[in-house]
Amino acid sequence: MRYWLVKSEPGTYSWDDLVKDGWTYWDGVRNYQARNNLREMKKGDRVLYYHSNIGLEVVGIAKVIKEHYQDPTTSDERWVVVDIEAVGPLKTPVKLSDIKSDPRLKNMPLIKHSRLSVMPVTKKEFDLILKKGK
DNA sequence: GCCAACGTTGGC
DNA sequence: GCCAACGTTGGC
């Protein structure tokens, strides 16, 4: 199993929206690097759900329930989506500032490539964020 | 193929 | 609201 992190602006689609919907297709990715990451996601992979712009924190865990397919919101064949389902919230959201101040998380693309919206996370990083979120 | 101009993202 | 980082576009 692999681990990922996706960003969403809560004003557009928040964690609560995902919980309410149960699942959603992850659309709107228009960046090749992020798209390539979507393509590598496998069913069952865990996904950290991060709120950008407002909140700046990891708020919940989701999982991949359907692997990549053509983005239904565009006819442009370059773009894909995956289906994700809410697994559960973090009891304590993990702030970006907490991630930045932890040397063990310094290598996350979240910090190094702040504009990337879909990124891989190592198991160590994933477990550590879960631990912080307890 | 280079690079300037421009648009977007996202933290502050 | 500003700006840095970065991706994309288009002229040459």
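Below, chains carry the letters A, B, ... as their sequence lines are ordered, and counting in each starts from 1. Everything quoted here is computed from the prediction, not taken from an experiment.
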Expressed as a whole number of angstroms, how long is the span from [X]:[atom1] to [N]:[atom2]?
X: A:Glu9; N: B:dT8; atom1: CD; atom2: P; answer: 13 Å
X: A:Tyr13; N: B:dT9; atom1: OH; atom2: P; answer: 19 Å
X: A:Arg35; N: C:dT8; atom1: CZ; atom2: P; answer: 10 Å
X: A:Arg78; N: C:dG7; atom1: CZ; atom2: C1'; answer: 12 Å
X: A:Asn53; N: C:dG1; atom1: CG; atom2: P; answer: 14 Å
X: A:Tyr32; N: C:dT9; atom1: OH; atom2: C1'; answer: 12 Å
X: A:Met108; N: B:dG10; atom1: CE; atom2: C1'; answer: 16 Å
X: A:Ile99; N: B:dG11; atom1: CD1; atom2: P; answer: 10 Å

Looking at [X], does any N or O in its side chain come under 4.0 Å of the phosphate oxygens OP1/OP2 on [N]?
X: A:Lys7; N: B:dG10; result: yes
X: A:Tyr50; N: B:dG11; result: yes
X: A:Lys95; N: B:dG11; result: no

Cluster overlap A:Trp4 with A:Ile61, hydrophobic side-chain contacts below 4.5 Å
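No, no single cluster joins them.
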Quick one: the side chain of A:Arg30 and the base of B:dT8, do they pair up donor-acceptor inside 3.5 Å?
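Absent.
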Could you check A:Lys131, A:Lys123, A:Lys124 and say which one makes a side chain to side chain contact (heavy atoms under 4.5 Å, CB included) with A:Asp127?
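Between A:Asp127 and the candidates, side chain to side chain contact (heavy atoms under 4.5 Å, CB included) is satisfied uniquely by A:Lys123.
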Between A:Asp17 and A:Lys20 (salt bridge meaning N to carboxylate O under 4.0 Å), is one present in this structure?
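Judged by the 4.0 Å cut-off on N to carboxylate O distance, A:Asp17 and A:Lys20 do form a salt bridge.
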Evaluate the side-chain proximity of A:Tyr69 to A:Val81: yes if any heavy-atom separation is below 4.5 Å, no if none is.
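They are in side-chain contact.
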